[in-house]
Amino acid sequence: MNVLEVRSLTKRFGTEQAVDGLGFELAEGSATALIGPNGAGKTTTLSMLAGLLEASAGEIQRKKNLSIGFLPQYPRFFPWLSALEFTEMAAKLSGVDSRKARQQAERTLGFVGLGQVANKKISGFSGGMKQRLGLAQAMVHQPSLLLLDEPISSLDPTGRREVMELLKSLLGQTTILYSTHILNDAEEMTDQLLFLQNGRLVEHGSLNQVRSRYADPQIRIRFENTNAAERFMRESPWPAAVQGTAVIVPVKVEGPIMQDVFRFLSVKSLPVVGVEQETASLEDIFLKVVAGK
Amino acid sequence: MKQFSTLLLKEWRENLRNFKIFWIPVVFILLGVTEPLSNYYLPQILDATGGLPDGAVIELPDPEPEQLLVAVMGQFQLIGMLVLVLAYMGSIAGERRNGTATLLYVRPLSYVSYFLSKWLMASIVAVFFGGLLLHGCAVFSGSVRGVPGVCGDV
């Protein structure tokens with residue numbers, strides 16, 4: 001069941017093509033990470049999905065009665081309101097019953113970790129607190145789709161962890177589409193990856209699918225000294241590259257597998273320090289995708 | 001209707017907390033008070049600034065409260081209107097520009113109630129609080145002259 005379907009979504013600003021023929025689907029209860037370099041069109045895409053921008057062409061098909069919560073990249077608040085007043089207002093404007101709005105606002109503020117400062121004026125809030133308040137106003141009406149533009153980029157490592165855990169706990173009932181630069185965190189919470197570049201979807205799929213496409217797995221064998229590494233190079237049947245005291249063996253389909261490597265190492269009794277299979281991190285993939293494979 | 005009252009509450013809090021609800025009436029008070037006073041003390045003011053040349057005779061009848069009221073209204077229309085315009089101009093454009101409106105616009109918001117909430121709040125400050133003070137000024141201008149004012153003696 002898809003919450004949202006997007007087909008050939010396009011946005012032009014004058015002659016500039018900000019988003020170009022984007023198409024994807026968001027399955028109910030899934031987490032989708034929108035990744036791409038600066039200026040790739042992530043914010044424009046999210047703004048269109050949130051209904052803040054009119055698409056130049058293409059189609060956005062929302063599930064019936066879909067309620068959306070949106071967190072902009074730099075949320076701005078009325079400084080003269082308290083966090084509770086603002087969240088309550090957000091709830092009411094989103095159609096929450098007046099009597100329940102305050103209660104729901106209080107609960108949401110507690111959930112994002114602002115329970116202690118609910119009655120403080122927003123003007124005194126730090127950047128991280130504002131980011132949390134932004135999250136609170138996006139989810140106070142319990143929307144079934146959350147659109148988050150860089151929800152964690154401006155947080156410190158502790159805050160990032162907390163917010164990620166918080167978002168993960170929402171998955172299942174809530175569908176989340178978020179853009180991010182913090183690829184380590186994206187790696188941790190994603191059912192679908194969407195790579196944007198110059199407004200185009202250059203790569204997509206689950207983390208494993210994308211990984212297998214770009215992975216180029218390799219085995220890194222670390223030796224005690226360079227002599228051993230060079231001996232390995234001379235005597236091993238595999239194409240390898242020396243990197244200091246280590247040797248990198250690319251793993252092709254017909255290439256060596258771990259057991260063969262171990263057997264070879266023990267037969268030759270080379271002084272090995274460590275052997276590890278390396279797969280590409282999302283960051284490696286990101287760099288490869290951006291560079292055009 | 002719920003949206004409108006929610007937005008009006010927000011406007012009320014804004015006007016209360018940035019003190020517009022206090023300083024705008026104060027400006028109107030000052031405007032209203034200076035008019036009858038400057039009329040009343042006009043001969044002294046003229047003397048203090050060198051007086052009139054010998055032989056010049058100008059009859060300055062004491063203005064009636066009604067006349068003063070009209071003069072004050074003239075002041076309000078000119079300077080008072082300017083004050084209101086300066087205080088409330090850009091209150092929609094400003095919210096759009098600084099990004100605070102984004103968090104409102106993503107909700108199913110009726111633009112009519114958004115506009116009306118701002119307009120009504122500005123009107124309340126101008127008419128209700130301004131009107132209350134105008135009444136005060138009228139009473140004051142009557143009592144300065146020692147005659148029953150427009151709105152009764154004090």
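Within 6.0 Å of the CZ atom in A:R62, the count of heavy atoms belonging to other residues, nucleotides or ligands exceeds 12. At most 12 non-hydrogen atoms from other residues, nucleotides or ligands lie less than 6.0 angstrom from CD of A:Q116. Heavy atoms from other residues, nucleotides or ligands lying under 6.0 Å from CZ of A:R7 number more than 12. Other residues, nucleotides and ligands contribute only 12 or fewer heavy atoms inside 6.0 Å of the CD atom of A:E54. With a 6.0 Å radius and a threshold of 12 heavy atoms from other residues, nucleotides or ligands, A:K168 has its NZ atom above the threshold. Within 6.0 Å of CH2 in B:W23 there are more than 12 heavy atoms belonging to other residues, nucleotides or ligands. The environment of NE2 in A:H181 is crowded: more than 12 heavy-atom neighbours from other residues, nucleotides or ligands sit within 6.0 Å.
Between the OG1 atom in B:T102 and the CZ atom in A:F77 there is a gap of 10.5 Å [rounded to 0.5 Å]. Between the CZ atom in A:R76 and the CD atom in B:E95 there is a gap of 11.5 Å [rounded to 0.5 Å].
Looking only at side-chain heavy atoms (C-beta outward), B:L104 and A:M89 come within less than 4.5 Å of each other. A:L93 places a side-chain heavy atom less than 4.5 Å from the side chain of B:L109. Taking 4.5 Å as the limit, some side-chain heavy atom of A:L81 sits within range of a side-chain heavy atom of B:R17. Two residues are said to be in side-chain contact when any heavy atoms from C-beta on lie closer than 4.5 Å; A:F78 and B:E14 fail this criterion.
Remark: side-chain polar atoms of A:K92 are not paired, donor with acceptor, to backbone N or O of B:L7 under 3.5 angstrom.
Both the backbone and the side chain of B:R13 come within contact range of chain A, judged by heavy atoms closer than 4.5 Å. Using a 4.5 Å cut-off between heavy atoms, A:Y74 makes no contact with chain B at all. In this structure, the portions of B:K10 lying under 4.5 Å from any heavy atom of chain A include both its backbone and its side chain. Heavy atoms of A:S123 lying under 4.5 Å from chain B are absent altogether.
When the candidates A:P72, A:A90, A:P79 are compared by the number of heavy-atom contacts under 4.5 Å with chain B, A:A90 comes out ahead. Of the residues considered (B:N98, B:V106, B:L103), B:L103 shows the highest number of contacts with chain A, using heavy-atom pairs under 4.5 Å.
Scanning both residues, A:S98 and B:K2, for their nearest heavy atoms gives OG-CD, 3.1 Å. A pairwise comparison of heavy atoms in B:P108 and A:S94 identifies CD-CA, 4.4 Å as the closest pair.
Pairs engaging residues 132-143 of chain A under the salt bridge (charged side-chain N to carboxylate O under 4.0 Å, His left out) rule: A:R132-A:E162 [sequence neighbours left out].
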